[in-house]
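One structure is given here, and the rest of the page talks about it.
The figures here come from the full heavy-atom set of this structure, side chains too, leaving out hydrogens, waters and symmetry mates.
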Amino acid sequence: MDDGFGNNSNFFQGAKDIAYEAKRQGRVQDSYTRYEGGGEYASQGGGYYHGDEPHAQEDADSDATEGHDEEDEIYEGEYQGIPHPDDIKANRMAATQPIADEYRDQADLMAERMKDEEQLAHQYESIIEECGHGRFQWTLFFILGLALMADGVEVFVVGFVLPVAERDMCMSNSNKGMLGLIVYLGMMVGAFIWGGLADKMGRRYCLIIALSINGVFIIFSSFVQGYGMFLFCRLLSGAGIGGSIPIVFTYFSEFLSREKRGEHLSWLCMFWMVGGIYASMMAWSIIPHYGWGFSMGTSFQFHSWRLFVVVCALPSLSSLIGLMFVPESPRYLLEIGKHDEAWMILKQIYDTNMRARGHPEAVFTVSHIKTPIQMDEFIEIQSSTGTWFQRWLVRIMTVVKQVWQNMLLCFTPKHRMTTLFLAVVWFTLSFSYYGLTVWFPDMIKYFQNEEYESKMKTFHQERVEDFTFNFTLENQFHTEGEYINVRFIGIKFKSVTFEDSLFEECYFEDIVSTNTHFKNCTFTATIFYNTDLFETRFSHSRFINSTFLHNKEGCQIDFSEDAETAFLTYLVSFLGSLAVLPGNIVSALFMDKVGRIKMIGGSMLLSTITCFFLFFGNSESALIGMQCLFCGVSIAAWNALDVITVELYSTDKRATAFGILNGLSKFAAILGISIFASFVEITKVIPILLASIALVGGALLGLRLPETREQVLM
């Protein structure tokens, strides 16, 4: 009996050990099953099970274990496949833990990122308000203002040097037209490229590269001698400066609080006006001085207009130097997850402003800033992978792909209508503004030419024998004349035409001509020595026993002929730039009071009314006055458009969207200049109507944009 009891005890102890081991193995297998199978299922009895219903045999096994000690026994129902309560609790806790980003749905990540960005936007606004507006922002204001000034200078450079450079490089009319448009083409390309890169590589970094390209190729363009290389350098300098406007406004806006943003971005726009004034004054003081240069034989000449081009690089280079001493945008750094760098910059802003206010003991109280979840996939390439060319190619293609995807995000349903309305406003305003600002000087020149031609002297059937012309012939028309044994020595022909005339035994020596033509003339026994009367000067003319000796080479520069025209060009540009000052002041003072939308709509509608006054402008002075009025009224729309563009897009798309819209405006400028210039000598009705229709359409669409003066930067 005792032995039997002892054997039973041993039997039960062995059963316990087997059951305990089965329990432990079951838990391991249960965890693996949940991980692989992906779920627990509630039974009707309130427990959990995996797979099918428990079998009857499992119930019997569970009953056999009932009634034993808890510390040694497995609980009732273990063999039914029901997990232990501790396992249930652990599984529930695991379910509440965050899932790694690589296992999450893209939509969930995007939703979480948007929530983070909204929190960051309000927190960043509070931090910028705590940092205050002081010495740091004003320092950055002047540095970025120089970059904006460089953009204004770039627009005027070609127009100022063209009257001189066209002779230095012997440019045809088509070449001159291409040179005038090439800068806008470069700016258009640069705006697309640098705007997109600034959202991926940083505002400060991209602005430094863009200004470096601009400065280097401006200086190169002043030394190159051929038209092709000059055109290429101006294209690249335009591509460099094209990034200044999208980056400058994006960069500066991220250091401003909501209450300061509209006003101070408008003040920043004044530097574009300063650029126009600077270019006009430098052109007037440098270009007419022909002696301010040097030459190395006949192959290299450095005239005064080239010195003017070098001087125009100073704003860009000055801004470049200043950027070496300012930090990256902390808002951009937070956007890409660089919390510590952003915090240090914000502390620098706070300390700088507090020291300037006389509170050096003030302490920056912010300790942690929200950073959005990062979604970009970065490719890290080891130095041992492939060649350096392959590594750089992969990096470049990755950045290009990211920039392109970011551009497409500006046209998603969330931003599509905003981008479309902004694009129309940018296009119509640029089309009208640039088209008219180029049309005004062309029309003034047209009026000048009409007045000049009205004073032309006409000589009909005059006969001159044995006479020497040693004085300038200007603005004359000679028809059916006879010139026998006449000498033209050391004189200038300026706007002189000989038609159906006879030259017999005449002698031309040391002649310089401008706009001079011989049409259907006959030359008999005539000698041309050291003249610039090239083949293009003669139309349907005959030469009998006549000789050309030592013709002048290249184009001859004569500044005295263009002094009055050049001075008028500088004066018109100077007055047009200066007229912007009142509009800048008004827009800066009332931008936050009136609002961006009303400023855009009101300014464009007033500009439309100004356009209709052009029908009554039939003189040079009237057109100059109309140009000043138009520029002064329209500048408020430009300033408001710059402000609202940076406020309507989030940080990760702000520079990209600005670059797209600014690039589109440069395309509109090319279109407007080309169309308006083609009607200069035909009619002024079409340019005025086109500009008016464009401005009205842009104003009406602009009024449908959302107001942004009360919102924080997202």
Side-chain angles (χ1 to χ4, degrees), residues 121 125 128-129 132-134 137-138 140-142 144-145 147-149 151-152 244-275 331 418 421-422 425-426 428-430 433 577-608 610 629-649 654-655 657-658 661-662 665 695 698-714:
E125 178 68 24
I128 288 295
E129 289 179 356
H133 190 92
Q137 280 86 356
W138 285 112
L140 186 64
F141 174 82
F142 286 105
L144 296 180
L148 201 58
M149 178 180 169
D151 183 89
S244 65
I245 290 183
I247 300 177
V248 162
F249 284 102
T250 299
Y251 190 19
F252 192 51
S253 68
E254 293 170 352
F255 289 90
L256 300 174
S257 62
R258 175 174 50 194
E259 62 179 9
K260 298 286 186 180
R261 193 163 53 240
E263 177 185 351
H264 287 270
L265 285 177
S266 298
W267 289 126
L268 184 66
C269 294
M270 290 184 64
F271 279 93
W272 199 92
M273 172 202 72
V274 175
R331 184 65 179 86
T418 298
F421 285 172
L422 277 175
V425 178
W426 274 93
T428 54
L429 183 58
S430 183
Y433 181 84
S577 300
L578 192 61
V580 170
L581 180 60
N584 267 317
I585 295 175
V586 170
S587 65
L589 295 178
F590 292 94
M591 184 68 70
D592 291 318
K593 297 180 176 65
V594 175
R596 289 78 161 122
I597 303 306
K598 293 180 181 178
M599 189 74 71
I600 292 174
S603 176
M604 294 183 73
L605 290 176
L606 287 176
S607 299
T608 305
T610 305
L629 182 61
F630 176 79
C631 292
V633 171
S634 62
I635 193 62
W638 279 114
N639 295 356
L641 194 56
D642 291 331
V643 174
I644 198 173
T645 301
V646 300
E647 293 177 333
L648 280 175
Y649 293 91
R654 184 170 297 123
F658 208 124
L661 296 169
N662 190 253
S665 77
L695 288 170
L700 295 178
L701 276 180
L703 292 174
R704 299 191 62 182
L705 289 168
E707 182 57 68
T708 58
R709 59 176 168 170
E710 297 297 333
Q711 74 179 39
V712 298
L713 281 182
M714 293 301 295

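- With sequence neighbours excluded, no residue forms a side chain to side chain donor-acceptor pair (under 3.5 Å) with S253.
- In this structure, the side chain of T428 engages the main chain of V425 through a donor-acceptor pair within 3.5 Å.
- Partners of Y251 by side chain to side chain donor-acceptor pair (under 3.5 Å), not counting sequence neighbours: none found.
- Atom CD of Q711 is separated from atom CG of L648 by 6.5 Å, given to the nearest 0.5 angstrom.
- Between the side chain of E129 and the backbone N or O of S257 there is no donor-acceptor pair closer than 3.5 Å.
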Could you tabulate the donor-acceptor pairs under 3.5 Å formed by side-chain atoms of residues 265-272, not counting sequence neighbours?
| residue | atom | partner | partner atom | Å |
| --- | --- | --- | --- | --- |
| S266 | OG | G262 | O | 2.9 |
| W267 | NE1 | E263 | OE2 | 3.2 |
| W272 | NE1 | D151 | OD2 | 2.9 |

Task: Trace of the side chain to side chain contact (heavy atoms under 4.5 Å, CB included) decision for E254 with R654 - done: CA-CA 10 Å; E254 293 170 352; R654 184 170 297 123; 2.8 Å; yes
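- Counting heavy atoms from C-beta on, the side chains of I635 and L581 never come closer than 4.5 Å.
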- [ ] Run the numbers on H264 and W138 for side chain to side chain contact (heavy atoms under 4.5 Å, CB included), then give the verdict.
- [x] CA-CA 10 Å; H264 287 270; W138 285 112; 3.6 Å; yes
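- Residues meeting the side chain to side chain donor-acceptor pair (under 3.5 Å) test with N639, sequence neighbours left out: N584, S587.
- Identified under the salt bridge (Lys or Arg N to Asp or Glu O under 4.0 Å) test for residues 577-591, with sequence neighbours left out: none.
- In this view, R596 and D592, E647 satisfy the salt bridge (Lys or Arg N to Asp or Glu O under 4.0 Å) rule, not counting sequence neighbours.
- Residues forming a side chain to side chain contact (heavy atoms under 4.5 Å, CB included) with A699 (at least two apart in sequence, or on another chain): M604, L605.
- S665 meets the side chain to side chain contact (heavy atoms under 4.5 Å, CB included) test with W426, S430, N662; sequence neighbours excluded.
- In this structure, the side chain to side chain contact (heavy atoms under 4.5 Å, CB included) partners of A655, at least two apart in sequence or on a different chain, are A198, D199, R203, T250.
- Residues meeting the side chain to side chain contact (heavy atoms under 4.5 Å, CB included) test with T610, sequence neighbours left out: L629, F630, V633.
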